[in-house]
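Data block below; observations after.
Quick note on labels: first sequence line is chain A, next is B, and so on, each numbered from 1. Keep in mind that what you see is a predicted model, and the values were worked out from it rather than measured.
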Number of protein chains: 2
Amino acid sequence: MRRGRRAPRGRQHNGHVPADAAPATGLRERKKARTRTAIQHHALRLFTEQGYAATTVEQVAEAADVSPSTVFRYFPTKDDLVLTDELDPALIAAIRSQPAELAPVSAFRAALRQVFGAVDAGLLLDVKTRATLILSVPELRAAMLDQLAQSITWLTELIAERAGRPADDPAARALAGAMVGVWIAAATAWVAHPEDDLLGALDTALAYLERGLALDVS
Amino acid sequence: MRRGRRAPRGRQHNGHVPADAAPATGLRERKKARTRTAIQHHALRLFTEQGYAATTVEQVAEAADVSPSTVFRYFPTKDDLVLTDELDPALIAAIRSQPAELAPVSAFRAALRQVFGAVDAGLLLDVKTRATLILSVPELRAAMLDQLAQSITWLTELIAERAGRPADDPAARALAGAMVGVWIAAATAWVAHPEDDLLGALDTALAYLERGLALDVS
DNA sequence: CGGGTTCATGCTAGTCACTGTCATTTGGAA
DNA sequence: TTCCAAATGACAGTGACTAGCATGAACCCG
């Protein structure tokens, strides 16, 4: 992220859990979806091929055969071409569906395994590509904080919901923060050793959290 | 953060704990320090007065009576005009100086109170100004992730050091992540209620962590 | 106290992300 | 077909940031 006066923006993240997208019957809808996918697809390809900074939005536009204006209409910033996660909603639903007697962290772990276990190989590869890009490009890494903060808020609500506490309960928020923090820690460690299993490391880290983070237990 | 091809950057953060800056005897050195301070000072002032996005680097340069090039020479990006923390080193030293028998989280809490208790009112105000700016301006918030990741690494080392474990111990890293995560959670909550006591909230959140984050203990 | 070197600074001329506006096209409904 | 609204493109900025070069002040040596 550099040049830019992006101030009046704020990641949108469609408010909350999207209603699984309408059937998208209209031709218009389908065309839009196709355009959107095409743009992002070519963007990711170019970014991995020649680097994020080295790729201009104009090139992306050209590759997707649209005008630069259109690219910006679909993705408010260059960052957004990478920072779009479709798994969050699924994760949230998965957490909600865990049995109520599970402790928050356990529920999260279970949901994680469930969601990533069910995802098809192609999409998973896409997720990994995106993750690698995000974690290795400083600007993207930086741009992710807002999403993480968003995640903390979601998690707080979910935890509070399960525990029958007010939605902004400080204890729930602290726990949510810890979960996300553990996430970050695992992810940053992964950058240093990409050959490791990210999901596995995350799970292990959450296991520590589950046990209260007592160092001597390990 | 917007316009920009910042890629070849990477927050510097002088590697590790800086050696408390040499006496800076030379005239040149002193002049440089003065210029630097002046630039940052006027930047913070203008940012709070008229907003971050609404203030151009050119204005900052003009206010500090230097050329725009010079501003960029001192602060590689506009963000850096705000994102410079001098307290981190002090915090690290404070943690190191805590009695070895204290648990990591407790040591961190103690260090926090110690550092922020000793800081003079003027500087504290400065810190608060900066914190407010960072937390309320999306671009700055985003740019902070790298610093947070850096902090996790530091904390991991410190925790491992105290526990006599390898510097990259996963359990230590998970704990460090949780601590920083709790930090973020407290900070984001604070944005919504600026009248609250940030330090107090942080301390409370860390207290939860200390107790293993059991929701029912509260 | 000269004389050369070093280094901070300014200037000029880009590059590129992003924004706003307006005219044109195109899908969709009557 | 006929009209409306949304999607797109072309165009003209703004402003962050970079690279290269010239200058003058500060430092170093003798």
(Q) So B:Ser69, base contact, sugar-phosphate only, or nothing? Heavy-atom distance under 4.0 Å. (A) base
Q) Has the side chain of A:Arg73 got a donor or acceptor atom sitting under 3.5 Å from an opposite partner on the base of D:dG9? A) yes
Q. Rounded to the Å, how far apart are B:Arg30 CZ and C:dC7 C1'?
A. 17 Å
Q.
In whole Å, I'd like the distance from the CZ atom of A:Arg34 to the P atom of C:dG27.
A. 11 Å
Q. Restricting to pairs with a member in residues 41-68 of chain B, which pass salt bridge (Lys or Arg N to Asp or Glu O under 4.0 Å), not counting sequence neighbours?
A. B:Arg45-B:Glu49
Q) Using 4.0 Å as the upper bound for N to carboxylate O, is an ion pair formed by B:Arg96 and B:Glu161? A) yes
Q) Is the distance from OP1 or OP2 of C:dT9 to the nearest side-chain N or O of B:Tyr74 less than 4.0 Å? A) yes
Q: For A:Asp79 and C:dC16, give me the distance from atom CG to atom C1', rounded to whole Å.
A: 14 Å
Q | Cation-pi, B:Phe108 ring and B:Arg113 (6.0 angstrom, 45 degrees) | A | no
Q: Kindly say if B:Lys31 contacts the phosphate of C:dA8, meaning a side-chain N or O under 4.0 Å from OP1 or OP2.
A: no
Q: Indicate yes or no: does A:Asp168 engage A:Arg173 in a salt bridge with an N to O separation below 4.0 Å.
A: no
Q) Between C:dG20 atom C1' and A:Phe72 atom CZ, what is the distance in whole Å? A) 13 Å
Q. What integer distance in Å separates A:Lys32:NZ from D:dA6:P?
A. 9 Å
Q. Nearest to the side chain of B:Thr56 - D:dG15, C:dT9, D:dT8?
A. D:dG15
Q.
If I take atom CD in residue A:Gln59 and atom C1' in nucleotide C:dT15, what distance separates them, rounded to the nearest angstrom?
A. 13 Å
Q | Criterion side-chain contact (heavy atoms from CB on, under 4.5 Å) against B:Leu155, the qualifying member of B:Ile95, B:Leu91, B:Leu175 | A | B:Ile95
Q. Considering heavy-atom distances to DNA chain D, does B:Val57 or A:Thr35 have its closest nucleotide positioned more toward the 5' end?
A. A:Thr35
Q | Of B:Ser67 and A:Glu58, the one whose closest DNA chain C nucleotide lies more 5' | A | B:Ser67
(Q) How many whole angstroms separate atom CD1 of B:Ile39 from atom C1' of C:dA8? (A) 11 Å
Q | Rounded distance (Å) that lies between atom P of D:dG15 and atom CG of B:Leu46 | A | 15 Å
